[in-house]
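In what follows, chains carry the letters A, B, and so on, assigned in the order in which the sequence lines appear, proteins first and then strands, with residues in each chain numbered from 1.
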2 protein chains.
Amino acid sequence: MAGFIGKEQHTVDDKGRLLIPARFRRKFLQQHEDPGVGLQGRLPVLYVLKSDDGSLELYEPSVWNEKERQLLKLSDFNPDERLLTTMIYARLEQADLDRSGRIALSRDMLSHAGIEKDAVIIGANVKMIVWEPLRLQRLLEENAGRFSRLASRYV
Amino acid sequence: MAGFIGKEQHTVDDKGRLLIPARFRRKFLQQHEDPGVGLQGRLPVLYVLKSDDGSLELYEPSVWNEKERQLLKLSDFNPDERLLTTMIYARLEQADLDRSGRIALSRDMLSHAGIEKDAVIIGANVKMIVWEPLRLQRLLEENAGRFSRLASRYV
DNA sequence: TTCAAGGTGGGGAAAAGTGGGAAAAAGTGG
DNA sequence: CCACTTTTTCCCACTTTTCCCCACCTTGAA
């Protein structure tokens, strides 16, 4: 399932369109008919979630649905659980790919990530993470010293 | 599985292509049909990871997948675990072998390792380590004195 | 010295990425 | 319900990159 790997930088145009790298597109087009650029039939869709760290996450439906099942278990009446539901769905959007393989990101999403012109898309296996390039660079530099400690703790 | 042993020096051309030594290629081509240079059918793939010490690591899929299973356990919402996910995947790339047994390394990867023309590939059993030749030489010279102490502690 | 295998380089076709005009759709107000 | 404005999306054209394929060079073995 999925298997997005690699980092690419692309431009977001005036219309807020961001290209999903062809390599990644192929990953979730295998379940559809056409592997090429011209995608006939039903156009794929991605779920876009604002992340706490100032990035955006892109999930393909099958992966997001997995998470959604957890969310459905939350009570409508337990205050904490209800709050969480509200918070998550307030951060979530759906984005359809156009026929050139791009998604249109809303102003809201773009400003959350601080994206104006350029965006880096990181393939993180099961999802994609979208960063404003300088913001990502800053994050990585500031936390470079913590890497080996974290990595050896978890992996 | 794997069993890469030996050190080789090769050139990286203008297109950033690096030859995987035939000897190593055979190791992970055994699971495919053709042991020779002309590889028909699906081309093998390697995972390339930027290393903290200024080198690059090449993993064959079966080995990397092992690590990936650990990464899948990390939370999307725990700040530390999320940071680690970002850091790792920002350092990772996938590289397909072409029909001559080469991988194309991105500018990003090459500059991380300081590679312009030449590269040394060290077989380290389960992975390969790629160094800019002088950088490797310097590392080894500067740390020559620490060898016996480290070795006797761990081996 | 001839052959085979491994290694190196490059031209050119195909694919991917980028941007913009124009049609279509959706939203807004009278 | 209609007219107007704004947004979306489809399509096309241009540019850049990738990668496929072939040719050549070197080395070591027969």
Residues two or more places apart in sequence or in another chain: which of them pass salt bridge (charged side-chain N to carboxylate O under 4.0 Å, His left out) with A/Glu66? A/Arg69

Looking at B/Ser75 and B/Asn78, would you say the former's side chain and the latter's main chain have a donor-acceptor pair under 3.5 Å? yes

Pairs: protein N or O with nucleotides 26-30 of chain D N or O, under 3.5 Å:
none

Whole-Å gap separating C1' (C/dG6) and CZ (B/Arg25): 7 Å

Would you find a donor on one side and an acceptor on the other, under 3.5 Å apart, between the side chain of A/Arg102 and the backbone of A/Leu97? no

Return the value, rounded to whole Å, for the distance between atom CZ of A/Phe24 and atom P of C/dA16. 14 Å

Check for a donor-acceptor pair, side chain of A/Ser111 on one end and backbone N or O of A/Gly114 on the other, with a separation under 3.5 Å. no

Between B/Asp53 and B/Ser55, is there a side-chain donor-acceptor contact under 3.5 Å, judged purely by atom types and distance? yes

For a quick check, with a 4.0 angstrom heavy-atom cut-off, what is the B/S/- contact string for nucleotides 15-25 of chain D, read 5' to 3'? ----BBBB---

Is A/Arg91 paired with A/Asp52 through a side-chain N to carboxylate O contact shorter than 4.0 Å? yes

Considering every strand and a 4.0 Å limit on heavy-atom distances, what is the contact class for A/Glu8: base, sugar-phosphate, or nothing? sugar-phosphate

Per side-chain contact (heavy atoms from CB on, under 4.5 Å), A/Val130 is matched among A/Ile115, A/Ile103, A/Val120, A/Leu110 by A/Ile115

Please list every stem that involves DNA chain C, where a stem is a run of 3 or more consecutive Watson-Crick or G-U wobble pairs with both pairing distances under 3.5 Å. C:1-30 with D:1-30

Starting at CG of B/Leu19 and ending at P of C/dT8, how long is that distance when rounded to a whole Å? 6 Å

Checking A/Asp13 against A/Lys117 for the salt bridge (Lys or Arg N to Asp or Glu O under 4.0 Å) test, could you report, in this order, the C-alpha distance in whole Å, the side-chain angles of both residues, the deciding distance, and whether it holds? CA-CA 7 Å; A/Asp13 64 25; A/Lys117 183 104 188 54; over 6 Å; no

B/Arg82/B/Asp76 salt bridge by N-O under 4.0 Å criterion: no

Not counting sequence neighbours, which residues clear side-chain contact (heavy atoms from CB on, under 4.5 Å) with A/Glu8? List them please. A/His10, A/Pro21, A/Arg23

Please name all residues satisfying side chain to side chain donor-acceptor pair (under 3.5 Å) with A/Tyr89, sequence neighbours left out, ordered by chain then number. A/Glu68

Return the value, rounded to whole Å, for the distance between atom CG of B/Asp13 and atom P of C/dG11. 12 Å

